[in-house]
Every structure is written in C-alpha cells, then in structure tokens.
Trainee: 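Below you'll find the structure I mean.
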There are 2 protein chains.
Amino acid sequence: MPDTFLDKDQPANRFARAREAQAAAVLEDYVEMIGDLIEEFGEARVADIAARMSVSQPTATKSIARLKREGLAMSRPYRGVFLTEEGAALATRVRARHRTIVEFLVKTGVPRDIAELDAEGIEHHVSQVTLEVFERALQARGGD
Amino acid sequence: MPDTFLDKDQPANRFARAREAQAAAVLEDYVEMIGDLIEEFGEARVADIAARMSVSQPTATKSIARLKREGLAMSRPYRGVFLTEEGAALATRVRARHRTIVEFLVKTGVPRDIAELDAEGIEHHVSQVTLEVFERALQARGGD
DNA sequence: ACACAAATATAGCCATGGCTATAACTTGGT
DNA sequence: ACCAAGTTATAGCCATGGCTATATTTGTGT
Ligand SMILES: [Mn+2]
Ligand SMILES: [Mn+2]
Ligand SMILES: [Mn+2]
Ligand SMILES: [Mn+2]
C-alpha cells in the first residue's frame, strides 16, 4: 500500500456523488432556515420551522432530532431550537451559496421567482469550483 | 367553492417543490441509463445497471421494480430490462437536459469533469424555463 | 390556582432506497 | 444430460423522511 494520503469519501462515480450531496440537503435547508428564524424572531420554534418547510410538526421534530444528533443544533423539550457553532457556520455558508446561485441564474436571464424555486434544489449539488465560477461571473460587470 | 380549474400538484412552497423534483430523480437517472445500455449493448442487464449506478444488484432490482410499477420499463424474470414508450420518451428528454446543463456549465467556465459531476444532481432541479435560458445562452456564439 | 388552548413530543404507520446473505434460475462447456 | 458459474430474485435488515392520531407540557387568562 502506498503511504500517500488519499482524500476520504471519494464517491465511486457521479451517481454516488449526487446521492451524497442529496443526503446533506435536508440538514442544510434546516440550519439555514433556523438561522433565518432566529434572526427574524430571536428564536426558532418547531411550529415555525415546520410551517416554513411545509411539513407536519412531527416531521420537523424528527429532522431536528437528526440535526441534534449530528451536532448542528441543540434544544431542550418544549423549548426553541438553537444552532451550535458548527450549525451556525454551516448556515452562513449555505445561505451565501443559495444567494450566489439565485443571483447567477437571474443574471443569466432566469426570472427571479423561478430562480428561487430552482435554486432550492440546485444549491445542494453545486461544487465549490462551480460556485466560484458563478461568483466570478457575477463580479464581471455585476449590476448592469 | 369557485368553479375555476386550478393547476394540479402545485407545491405549497419552494422546499416542497424541491422534494417533488427529488422524488423523480432516481426514475430519471435509471431510464436515461437503461437507454444508454440498450444503445450500447442492445440490452440492459440488471448487473450492468447496478454497476453503472454504483449500487448493489438487489438495490437495482428494487428500483427497476418501481420503474415497472410506474409504467416506464418492462421486464420478465431473469431477462433484460426494456423501456416502455413513455420510458423511452422520458429518457430522451432527460438525456437532452443533462447535456444542455453540462454544456452550459462548461461554457460558463466549469471544467468538464466537474460539470459532469455537478450536472448529475443539478439536472433534476432545473425547470423548463431555466433550461430554455441555458439553451439560449449556448446558442449565442456557441463554439468560441 | 386552575382550566384551557396552544405547542411539542410520542407512537406508530408508510414508501423509498440503501445493504448483505442466500435462493433460484439460466447458460455454456464437457 | 448435466454441472458449474454467472446472473437475477428474494428475504430481511436499516435509515430517512413523510404522515395522522394522541399524549404531554407550557403558559395564559380568569
Ligand atoms: Mn435547498
Ligand atoms: Mn436554500
Ligand atoms: Mn442525475
Ligand atoms: Mn443524468
């Protein structure tokens, strides 16, 4: 065996890679939205999270349990949900990526409302390299 | 109740919409690939489908069962898999969309290998409107 | 203090898409 | 004809993310 260090979690092919990206999608959307709610209301209630995600309250509760398991959020029973440092950092990154993608689509010619809809799914599959390409495209004569 | 006809299946919000797009992703990838295999080898064997998807053979068998249930494919036990008319039509559409997205990303400045990886996930979330915007961008001085 | 409404948790169901282990079938070679 | 190898099907497990129904807790108003 060679003693070089290989990148971990290298998916075998493009389908496996897309599956991995998808697995993080729910986590990403929840932390971003919990961050939004805390920003807006000072706290994130389960009922508000469920409403914004358009899922039932028990479904939101279950996903929040996964966030907690993965160290992204914290909460005590019947209290609001908070982000850990790691969760807050993820929320910030995810929010920036979301915005970049929407703005890139809009600049390319997609109506903003449609860009918002498409971006909600697309965002989870855009690699860092592609994101930087989008950012560069936006900087080039950005607000024409 | 008003007697106007409303569009069916209108998701309540962007998250529900992304969930719906995701639900079709596996179906789309399988029909496209089965079409590829039939094109290349004259038939699509379960083992080859599983290998290309990087899943186990039983996982492929199960997904093929879903394709059959949904009227996209047909097969008899221990025989190859075939596409129905509907499945073949979907494969054609999905393949064209995949290519458009890859070419658009490449033209925007994303390295081709990365564009291929990202497109495998992105493709399922690009609306018809956005796809047409991409196509127009490609036609404008396409091969510089 | 207490009752009631609202919010949250819990129980228990389902479909999907992963997996491994093993059974059953098909096929090619002797 | 038959056996071995290869291929496909089946059984049975798990995690995730949906749902409804119901229990529990919180907090507010009287
Ligand atoms: Mn999203
Ligand atoms: Mn988002
Ligand atoms: Mn795909
Ligand atoms: Mn594809």
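Order of the sequence lines sets the chain letters (A, B, ...), proteins ahead of strands, with each chain counted from 1. Predicted, not measured: the structure shown is a model, and the values here were computed from it.
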Trainee: Nearest whole angstrom, please: distance from the P of dT26(D) to the CD of E43(A).
Mentor: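 These atoms are roughly 15 Å apart.
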Trainee: If you only use heavy atoms from C-beta on, which nucleotide in dT10(C), dT8(C), dG18(C) is closest to the side chain of P58(A)?
Mentor: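 Shortest atom-to-atom distance from the side chain points to dT10(C).
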Trainee: In whole angstrom, what separates E20(B)'s CD from dA15(C)'s C1'?
Mentor: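 Whole-Å distance recorded here is 16 Å.
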Trainee: Are R19(A) and dG18(C) close enough that a side-chain N or O sits under 4.0 Å from OP1 or OP2?
Mentor: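 The answer is yes; a side-chain N or O of R19(A) sits under 4.0 Å from OP1 or OP2.
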Trainee: If you apply the rule side chain to side chain contact (heavy atoms under 4.5 Å, CB included), what do you find for R95(A) with E39(A), and how did you get there?
Mentor: CA-CA 13 Å; R95(A) 188 175 298 110; E39(A) 174 78 19; over 6 Å; no
Trainee: What I want to check is whether an N or O donor and acceptor connect the side chain of Y78(B) with the base of dA24(C) at under 3.5 Å.
Mentor: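 A donor-acceptor contact between them is present.
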Trainee: Measure the distance from CZ on F41(A) to C1' on dA7(C) and round it to the nearest whole Å.
Mentor: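 About 16 Å, once rounded to whole Å.
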Trainee: Roughly how many Å is it from CZ in R66(B) to C1' in dG18(C), rounded to a whole number?
Mentor: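 Whole-Å distance recorded here is 14 Å.
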Trainee: Are S56(A) and dC19(D) close enough that a side-chain N or O sits under 4.0 Å from OP1 or OP2?
Mentor: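 Checking dC19(D) against S56(A), a side-chain N or O does come within under 4.0 Å of OP1 or OP2.
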Trainee: Inspect the contact between R17(B) and D118(A) and indicate whether a charged nitrogen and a carboxylate oxygen are less than 4.0 angstrom apart.
Mentor: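 So D118(A) pairs with R17(B) through a salt bridge.
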Trainee: Looking just at side-chain N and O atoms, do Q139(A) and E135(A) make a donor-acceptor pair shorter than 3.5 Å?
Mentor: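 Side-chain D/A pair, Q139(A) to E135(A): absent.
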Trainee: Is the distance from OP1 or OP2 of dG17(D) to the nearest side-chain N or O of T59(A) less than 4.0 Å?
Mentor: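 No, outside the criterion.
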Trainee: Any N or O donor-acceptor pair under 3.5 Å from the base of dA9(D) to the side chain of Q57(B)?
Mentor: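 Between dA9(D) and Q57(B), which were checked side chain against base, a qualifying N/O pair under 3.5 Å is present.
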Trainee: Rounded to whole Å, please give me the gap between CZ in R45(B) and C1' in dT27(C).
Mentor: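 Roughly 10 Å, once rounded to whole Å.
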Trainee: Can you check the K62(B) NZ to dC19(C) P distance for me, whole Å?
Mentor: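 Taking atom P of dC19(C) as the reference, NZ of K62(B) is at 10 Å.
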Trainee: May I ask whether L117(A) and F15(B) are part of the same hydrophobic cluster, defined by side-chain heavy atoms of I, L, V, M, F, W, Y residues being less than 4.5 angstrom apart, directly or through others?
Mentor: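 Cluster IDs for L117(A) and F15(B) differ.
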Trainee: In this structure, how many angstroms lie between the C1' atom of dG17(D) and the CZ atom of R69(A), rounded?
Mentor: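 Going from CZ in R69(A) over to C1' in dG17(D) covers 11 Å.
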Trainee: Are side-chain heavy atoms of S54(A) and R19(B) found at a separation under 4.5 Å?
Mentor: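 The answer is yes, as the side chains (C-beta and beyond) meet within the 4.5 Å cut-off.
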Trainee: DNA chain D: Q22(A) or P77(A), which has the more 5' nearest nucleotide?
Mentor: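 It is Q22(A) whose nearest nucleotide is closer to the 5' end.
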Trainee: Taking the nucleotide of DNA chain D with the nearest heavy atom to each, does R79(A) or M53(A) sit closer to the 5' end?
Mentor: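 Taking each residue's closest nucleotide, the earlier one in sequence belongs to M53(A).
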Trainee: Can you tell me the distance, in whole Å, between the NE2 atom of H124(A) and the P atom of dG17(D)?
Mentor: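 Nearest whole value for this atom pair: 12 Å.
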